[in-house]
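Each chain gets a letter, A, B and so on, in the order the sequences are listed, and its residues count up from 1.
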Amino acid sequence: MSDSVRVRFAPSPTGYLHIGGARTALFNWLYARHTGGRFILRIEDTDQARNTDAAVEVILSGLRWLGLDWNEGPETALASGPSRGDFGPYFQSQRGHRYQVRAAELKSGGHAYERDGALYFRMPREPITIPDQVVGDVVRPLTDREELDPDWVLIRSDGQPVFHFVNVVDDLEMGITDVIRGEDHLSNTAKHIALFRAFGVKPPRYAHIPLILNDDGSKMSKRNLGASLQHYIDNGYAPEAVLNYLCLLGWSPKDGQELFSISELVSRFELSAINRSNARFDLKKLDHVHFEQTRKMNADRFVQLGIEALRKGQVEIPADATATDPFVRAALLTVQEKGKLFSELPLWTDFYFKADDAIVCDAETQAKALPNLAAPILEALTKAFDGVPVFRSAALEATLKGLAVTLGVKAGALVQPCRAAVTGKLVGPSLYHLLEVLGREKVRRRLMAAIERVENESPGFSRQRA
RNA sequence: GACCCUAUCGUCCAGCGGUUAGGACAUCGCCCUUUCACGGCGGGGACACGGGUUCGAAUCCCGUUAGGGUCGCCA
C-alpha cells in the first residue's frame, strides 16, 4: 500500500456531473489503471443542504456510462448504503467522527485554536512551495488579505468541518498518493500542504490539470449547456467518443495520434504529458471523434447502443429484441458507417420498423422525390426488382442501374423516388443495402403503395405525361 | 487590491536554440458520388507585444498585455 498508487475522484453531489469533473475523474482513472494502482470514489457531501441520493446517483451513473469503474467507494447512491474498500466510509457525511478526532489532534498539537466558536488553523506565515507534476514547483506566498489574518477555519461554529479540512483528512486516512484535480485548486494547495505537515505526514504528490473553457474562452459554469456530462449522454454521443475527446483536451501522446481505444489510452497515458494551459471545448471536434469511434466500433457494441437509442426514441422494435436479432441487427448495421449520433438513429432507421402502410412522405419529400411523373418509373422499378432472383444489394444495384440506362436517365432519378417510396424520406442508409434488409415483399408493397398515392394525387395526369 | 497559472493557425495539439513552423477539427475550391455522408486533391490561416541573452530565438530570461484561477464559518 505504501508505494502503489492510490488516486481518488472526490465530487460534491451538486446534481450534475461537470464535464471538467468527468475529465478529472478520467485522468485519475487512467493514471490508476496505467500504474496498476487503485481508483477511489469519495463523495464530498458535507453540504447537507445540497446533498440528495439523486444527486449522488447522477455521479455514479455518469462514471458508469463512461466506463470508469472504481476499486473503492460507494456501491449505491445511499450515503449509509454498501461500499467496497477498506478505507471507508466513502461519504464524508458518514465520517464526522474522524474529523473530530483529527481536529482534536491539531488542537492538542497547538496547530488549531478556537475563536468566535469556530476552530481555526494556525497557518504558516512563510510562502509554501507546491511541487506539481504538471506545472512544476509553484511558490505560493500569502496574499494581501491573508497577511491580515492568515489563519483559517477548520470547523465552523455550527460544528461542520470545512472543505479544506475534510479533504485533507480523507486523503490522509485513505492513503491517497497522488492528488489529480483541477487547476482551480492550485492556490489552495498551500493550505492543504500546511495541514499535512501539521499532522506530521508527507503530503501526496500533486498534479493540477488545466480547466476546460467554453468555446469562446469564457469560464464553463453550470449555466452553460454542454457543461454537464448528461448533455452528451442525452445527445447520443458514444461513451468512447466522449472519453477520447476529453483526453485530447490537455493531453497528447506527442506523436499525433488522436483516436484511441480505451486500452490504448490506459497504456499510453502519462501525467507528465499533460498540458499547462486551459483548453476550449470544441463540439465540432467531438462530433468528429464520435464519427470515427462509432464507425470503428465492433458490430455487437454498435447494435447494443443502437437498440437502446431506438427504444429511447420510441421506435417500435420488438420488446424482446436483442443485439442478436437478425433483422434489428441488419437494419442498424446499415447506418453504422454514417457515424451519426445515436440520438439520430430513430430518424434514420424508423422505416425498418414501421408497418408498410405507415410509410408516408411529407410535402417536401413528395415534391422532390415523388412528382407525378414518378409513377411509371416506380412501376418499371417494381417490375425490374421482381425479376431479381436473389434480393441482395449487389443485384439490386445492378438492376437499378441497368434500368436507368434503359430509360436513359441518371441513376439518381430512380434512387430518390425509390428511397422516398420505401422509407418516406430523402436521406437514409445506402439504398441497395436498406432494400436488402427490408426484403422483397416489403419493398414491393411499399413501391405499389407509393405508385397508388402518386397517381391519386392527380388522377390520370401522370400516365398521360408518361 | 494581492497572489498563482497560462500564452503557436478560428479550435485542439506537435515543436523543447538552427524547421519552407507540422498534424487534426473547422473553413474554402475541385474531383468522386444514389440521398446524407465517406474518400481523394488543393488553398487560405499562427509563434500576443516590447526588451534582452545568443552567431542564431516560437523555443531561454525580464516586462507589458490578455485569458483563467485563488484569497469564504461554499465545495
Side-chain angles (χ1 to χ4, degrees), chain A residues 10-14 44-47 49-50 92 115-120 127 130 132 134-136 138-150 152-164 166-167 182-191 208 210-213 215-220 245 248-259 273 275-289 291-292 295 335 337-340 344 348 365 368-369 397 400-401 404 410-420 423 425-432 434:
Chain A
S12 176
T14 55
E44 305 219 332
D45 57 344
T46 51
D47 186 342
R50 336 179 164 166
Q92 289 185 332
R115 187 209 300 179
D116 305 330
L119 188 69
Y120 274 73
I130 304 161
D132 190 279
V134 173
V135 285
V138 175
V139 180
R140 214 344 274 271
L142 296 176
T143 66
D144 58 353
R145 291 179 198 192
E146 289 167 336
E147 289 280 7
L148 264 31
D149 182 7
W152 46 276
V153 173
L154 292 166
I155 296 183
R156 302 185 186 92
S157 44
D158 67 0
Q160 285 301 310
V162 304
F163 165 77
H164 299 299
V166 297
N167 188 266
E183 196 200 83
D184 51 336
H185 285 104
L186 183 56
S187 291
N188 284 147
T189 302
K191 290 181 180 174
H208 286 92
L211 272 23
I212 297 178
L213 308 178
D215 58 5
D216 66 355
S218 62
K219 183 188 177 184
M220 206 180 237
Y245 179 65
L248 260 27
L249 253 29
W251 174 80
S252 158
K254 311 293 184 196
D255 66 358
Q257 183 177 344
E258 295 197 318
L259 263 25
N275 278 157
R276 295 111 294 199
S277 54
N278 295 343
R280 304 180 185 202
F281 196 96
D282 183 358
L283 197 61
K284 290 274 181 54
K285 187 67 177 271
L286 202 213
D287 285 342
H288 175 257
V289 173
F291 172 82
E292 298 288 354
R295 285 166 53 106
V335 290
E337 62 163 2
K338 302 296 182 184
K340 309 302 286 187
E344 296 175 283
W348 279 63
T365 305
K368 283 188 176 170
E397 177 170 4
L400 183 144
K401 286 184 171 168
K410 288 173 66 174
L414 301 187
V415 169
Q416 285 308 80
C418 183
R419 176 187 299 285
T423 73
K425 303 212 170 84
L426 289 169
V427 299
S430 159
L431 179 69
Y432 314 114
L434 75 82

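- A:Asp216 and A:Ser218 form a side-chain donor-acceptor contact under 3.5 Å, judged by distance and modelled atom types alone.
- Listed nucleotides: B:rC38, B:rA75, B:rG1. Nearest to the side chain of A:Arg295: B:rC38.
- Close to B:rC38, at under 4.0 Å from its OP1 or OP2, lies no side-chain N or O of A:Lys338.
- Using Watson-Crick or G-U wobble geometry with both donor-acceptor distances under 3.5 Å, B:rG1 finds its partner in B:rC71.
- Remark: A:Arg419 CZ to A:Leu426 CG distance equals 8.5 Å, nearest 0.5 Å.
- The separation between A:Asp116 atom CG and B:rC73 atom P is 11 Å, rounded to whole Å.
- If you take CZ on A:Arg276 and CG on A:Asp132, they are separated by 11.0 Å, rounding to the nearest 0.5 Å.
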Nucleotide by nucleotide, nucleotides 4-15 of chain B touches protein heavy atoms under 4.0 Å in the pattern (B base, S sugar-phosphate only, - none) SSSS---SSSSS

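- Using a 4.0 Å heavy-atom distance criterion, A:Trp152 is classed as making no nucleic acid contact.
- Remark: A:Ser157 is not in phosphate contact with B:rC73, judged by side-chain N or O atoms under 4.0 Å from OP1 or OP2.
- Across all strands, A:Asp184 comes closer than 4.0 Å only to sugar-phosphate atoms, never to a base (heavy-atom distances).
- Of the residues near RNA chain B, A:Glu292 and A:Ile155, the one whose nearest nucleotide (by heavy atom distance) lies more toward the 5' end is A:Glu292.
- Among the atoms of the strands shown, none is found under 4.0 Å from any heavy atom of A:His208.
- Base pairing of B:rU33: no nucleotide in any strand meets the Watson-Crick or G-U wobble criterion (both distances under 3.5 Å).
- Annotation: ring-ring contact (aromatic ring centres under 6.0 Å, His included) contacts of A:Phe163 (sequence neighbours excluded): A:His185.
- Within the nucleic acid shown, A:Lys219 comes within 4.0 Å of sugar-phosphate atoms alone, with no base atom in reach, counting heavy atoms only.
- In this structure, B:rU53 forms no base pair with any nucleotide, since neither Watson-Crick nor G-U wobble geometry is met with both distances under 3.5 Å.
- The side chain of A:Thr143 approaches B:rC3 more closely than any other nucleotide in the set B:rC3, B:rU35, B:rA75.
- For B:rG44 and B:rC3, the C1' atoms lie 43 Å apart once the distance is rounded to whole Å.
- Side-chain proximity of A:Trp348 to the nucleotides B:rC36, B:rC73, B:rU35 is greatest for B:rC36.
- Nucleotide B:rA26 is matched to nothing when pairs are restricted to Watson-Crick or G-U wobble geometry with both distances under 3.5 angstrom.
- Rounding to whole angstrom units, NE2 of residue A:His185 and P of B:rG72 are separated by 15 Å.
- Atom NE2 of A:His288 is separated from atom CG of A:Leu248 by 10.5 Å, given to the nearest 0.5 angstrom.
- Along RNA chain B, the nucleotide nearest to A:Asn188 and the one nearest to A:Arg115 differ in position, and the one closer to the 5' end is contacted by A:Asn188.
- Salt bridge A:Lys338/A:Glu344: absent, no basic N to carboxylate O contact under 4.0 Å.
- Take A:Ala273 and apply the side-chain contact (heavy atoms from CB on, under 4.5 Å) test, not counting sequence neighbours, and it matches A:Trp251, A:Lys254, A:Glu270.
- Between the C1' atom of B:rU70 and the CG atom of A:Leu142 lies a distance of 13 Å, rounded to the nearest Å.
- Under the Watson-Crick or G-U wobble criterion, with both distances below 3.5 Å, B:rA7 is paired with B:rU65.
- For A:Asp287 and B:rA24, the CG to P distance is 18 Å, given to the nearest whole Å.
- Judged as a side-chain contact (heavy atoms from CB on, under 4.5 Å), and not counting sequence neighbours, the contacts of A:His164 are A:Trp152, A:Asn188, A:Lys191, A:His192.
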Expected string for nucleotides 59-66 of chain B under the B/S/- scheme (protein heavy atoms, under 4.0 Å, primed atoms plus P, OP1, OP2 as sugar-phosphate) is --------

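- Only the P atoms considered, B:rU6 is 23 Å distant from B:rG10, to the nearest whole Å.
- Pair assignment for B:rA14: none, as no Watson-Crick or G-U wobble contacts are both less than 3.5 Å.
- A:Gly256 comes within 4.0 angstrom of nothing in the nucleic acid, heavy atoms only.
- Remark: P of B:rA75 and CG of A:Leu154 are 13 Å apart, rounded to the nearest angstrom.
- Taking syn as a glycosidic angle within 90° of 0, B:rC32 does not qualify and is anti.
- Without hydrogens or angle criteria, A:Tyr245 side chain to A:Asp282 main chain gives a donor-acceptor distance under 3.5 Å.
- We find the CZ-CD distance between A:Arg295 and A:Glu337 to be 6.5 Å, quoted to the nearest 0.5 Å.
- For A:Asp255, the salt bridge (charged side-chain N to carboxylate O under 4.0 Å, His left out) criterion is met by A:Arg268, not counting sequence neighbours.
- Atoms CZ (A:Phe163) and C1' (B:rU70) sit 12 Å apart, rounded to a whole Å.
- Residues A:Arg115 and A:Asp149 are paired through a salt bridge, judged by an N-O separation under 4.0 Å between the basic side chain and the carboxylate.
- Taking atom P in both B:rA66 and B:rC61, the straight-line distance is 22 Å, to the nearest Å.
- Residue-to-nucleotide contacts include no donor-acceptor pair under 3.5 Å from the side chain of A:His288 to the base of B:rA24.
- Between A:Glu146 atom CD and B:rG1 atom P there is a gap of 17 Å when expressed in whole angstrom units.
- For the P atoms, the distance linking B:rC9 with B:rG45 amounts to 14 Å, nearest Å.
- Within 4.0 Å (heavy atoms only), A:Lys401 reaches sugar-phosphate atoms of the nucleic acid but no base atom.
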